[in-house]
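These notes concern the structure reproduced below.
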2 protein chains.
Amino acid sequence: MSTATTPSSRRELNKAATRRAIADAALAQLRSKGEGNFTVEDIAAEAGVSRRTFFNYFTGVESALASLADRFLEHALEQFRLRPAEEPVLESARAALLALADPMTAAPIAELFSLTSSSQSLGRCELEAWDHCTDQIIAAARERLGAGADELQLRAMAGSVIACGKAAMSVWFDERGADLSPESLAVFREHLVTAVGMLANGFAAPQPS
Amino acid sequence: MSTATTPSSRRELNKAATRRAIADAALAQLRSKGEGNFTVEDIAAEAGVSRRTFFNYFTGVESALASLADRFLEHALEQFRLRPAEEPVLESARAALLALADPMTAAPIAELFSLTSSSQSLGRCELEAWDHCTDQIIAAARERLGAGADELQLRAMAGSVIACGKAAMSVWFDERGADLSPESLAVFREHLVTAVGMLANGFAAPQPS
DNA sequence: GTGCAAAAATGCACTTAGTGTAAAGATGTG
DNA sequence: CACATCTTTACACTAAGTGCATTTTTGCAC
């Protein structure tokens with residue numbers, strides 16, 4: 001503990017806390033009032049800041065909610081970066097995706113998913129979060145593979161892996177709603193494994209024997 | 001002349017024309033003034049309708065521009081639907097993607113890509129268009145495969161194919177800008193083929209010898 | 001053509017998003 | 001404590017987006 005790992009002055013910490021408070025307030029409003037029934041002013045009030053301050057941190061409601069999704073997708077990224085460099089990238093990506101099925105990680109993202117799934121405009125922030133995650137995987141993989149990496153392969157692979165993550169989550173969600181019980185999460189995990197397995201198989205054989 | 005091929009009454013046709021006029025006006029404004037330097041009122045004026053009418057057709061500028069992307073992604077969808085039902089889905093998808101490299105199709109989408117690539121908020125409409133296309137591929141594939149289809153496989157595959165399309169387009173764009181010359185389009189086409197090839201190969205061997 | 005009903009376009013008023021700016025408040029430094 | 005810097009806030013303003021009443025267009029029957 002003691003001095004942080006990052007050069008965080010008190011100011012940095014306060015800013016991070018404010019940012020987080022605002023994002024959490026946005027989620028709270030979404031939870032209690034539902035899509036479209038609250039304003040930025042409501043969020044600011046709940047977070048205990050002025051309306052103007054909200055806009056100092058986020059460009060809008062979607063942006064604030066996307067930061068929540070990012071927070072948890074970030075966890076998966078972390079896993080990716082921790083994998084040994086010699087490991088095939090696809091394998092690392094699979095391991096990272098599995099981190100999504102961790103209860104602590106899945107819970108908030110599943111809730112966000114359920115709260116936003118009925119809305120076109122809020123569905124966007126999910127979309128954006130996944131896309132952002134794709135970019136970060138690409139960056140991480142590029143860093144690992146060095147300058148000689150094939151950009152096309154990198155982007156196609158990262159995009160495909162994320163697509164599998166999205167597919168697994170959406171099928172899981174259709175089947176189980178926001179059920180976060182251990183059995184349900186096991187199903188989610190299985191879907192993730194299956195999807196990435198099919199990907200690694202080129203979607204060739206329906207039953208990979 | 002005479003009665004239309006689709007059961008479109010005159011009213012439907014007029015509506016479609018207005019919708020199109022508005023979308024085109026939005027593109028024209030984007031072209032001439034650039035991201036963020038024009039308003040909905042400008043678009044409405046250029047399209048020759050009132051501000052209010054704009055909002056009768058679209059929810060906002062992004063929505064209007066996304067409809068342009070949709071118009072051309074639709075062309076690829078068409079190709080998919082035309083493929084024989086016995087063909088492997090992945091193969092059909094590849095054929096459909098190749099339709100994007102057709103000059104008539106690529107030109108508008110490439111322009112939109114170049115006009116929106118510098119903007120976060122407008123990049124969203126691209127994102128949304130691709131996502132919409134994914135949904136339609138899923139629907140088309142589901143229809144082809146009947147009720148027995150594996151939803152997870154369907155969604156993972158469609159998402160991956162689209163990811164390959166996005167990857168090919170973004171790499172191409174990074175390399176060639178909005179160059180639409182035949183050679184440049186050949187490169188684009190090659191990237192599409194390569195990306196889907198890697199996908200069909202499970203991203204296994206860098207040189208699939 | 002004339003009249004009529006349905007649909008589309010418009011004008012207007014209103015709430016909310018989002019931003020520039022300047023002043024007030026908090027924080028780190030010597 | 002004094003000072004420079006960063007953060008929050010208040011205020012004012014433009015533009016987005018929506019509800020509603022009204023006017024204009026359109027399709028259809030006579």
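Lettering of chains follows the sequences in order, A, B, ..., and the numbering in each one begins at 1.
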(request) Under the salt bridge (Lys or Arg N to Asp or Glu O under 4.0 Å) rule, what do A/E126 and A/K166 come out as? Steps first, then yes or no, please. (result) CA-CA 10 Å; A/E126 286 272 334; A/K166 284 168 75 169; over 6 Å; no
(request) Taking only the side-chain nitrogens and oxygens of A/S50, find out if one of them lies under 4.0 Å from OP1 or OP2 of D/dT9. (result) yes
(request) Using whole Å, report how far CZ of B/R19 lies from P of C/dA9. (result) 12 Å
(request) Going 5' to 3' through nucleotides 15-25 of chain C, assign each nucleotide B (protein heavy atom under 4.0 Å from a base atom), S (under 4.0 Å only from sugar-phosphate atoms) or - (no protein heavy atom that close). (result) --BBBBB----
(message) Measuring to OP1 and OP2 of D/dT7, would you say a side-chain N or O of A/K15 lies under 4.0 angstrom away?
(response) yes
(message) Output the rounded distance in Å from CG (B/D42) to C1' (D/dT14).
(response) 13 Å
(message) Can you tell me if A/R155 has over 12 outside heavy atoms packed within less than 6.0 Å of its CZ?
(response) yes
(message) Distance check needed: D/dT22 P versus B/N56 CG, whole Å only.
(response) 18 Å
(message) Show the nearest heavy-atom pair for residues A/A101 and A/L192, with the distance to one decimal.
(response) CB-CD1, 4.2 Å
(request) Quickly work out the B/L65 CG to D/dA16 P distance and round it to whole Å. (result) 13 Å
(request) Starting at atom CD1 of B/I43, determine the distance to atom P of D/dG17, rounded to an integer number of angstrom. (result) 10 Å
(message) Under 3.5 Å, is there a donor on one side chain and an acceptor on the other for B/R19 and B/S67?
(response) no
(request) Would you tell me if any nitrogen or oxygen in the side chain of A/N14 comes within less than 4.0 Å of OP1 or OP2 on D/dT7? (result) no
(request) Would you please confirm or rule out a distance under 4.0 Å between OP1 or OP2 of C/dA9 and any side-chain N or O of B/T18? (result) yes
Tabulate below the donor-acceptor pairs under 3.5 Å that side-chain atoms of residues 71-81 of chain A make, not counting sequence neighbours, or state none.
from: A/R71; atom 1: NH2; to: A/D24; atom 2: OD1; distance (Å): 3.3
from: A/H75; atom 1: ND1; to: A/T105; atom 2: OG1; distance (Å): 2.7

(request) Taking only the side-chain nitrogens and oxygens of A/Y57, find out if one of them lies under 4.0 Å from OP1 or OP2 of D/dT7. (result) no
(request) Just jot down the ring pair (Phe, Tyr, Trp, His ring centres under 6.0 Å) partners of A/F173, sequence neighbours excluded, or say none. (result) A/F113
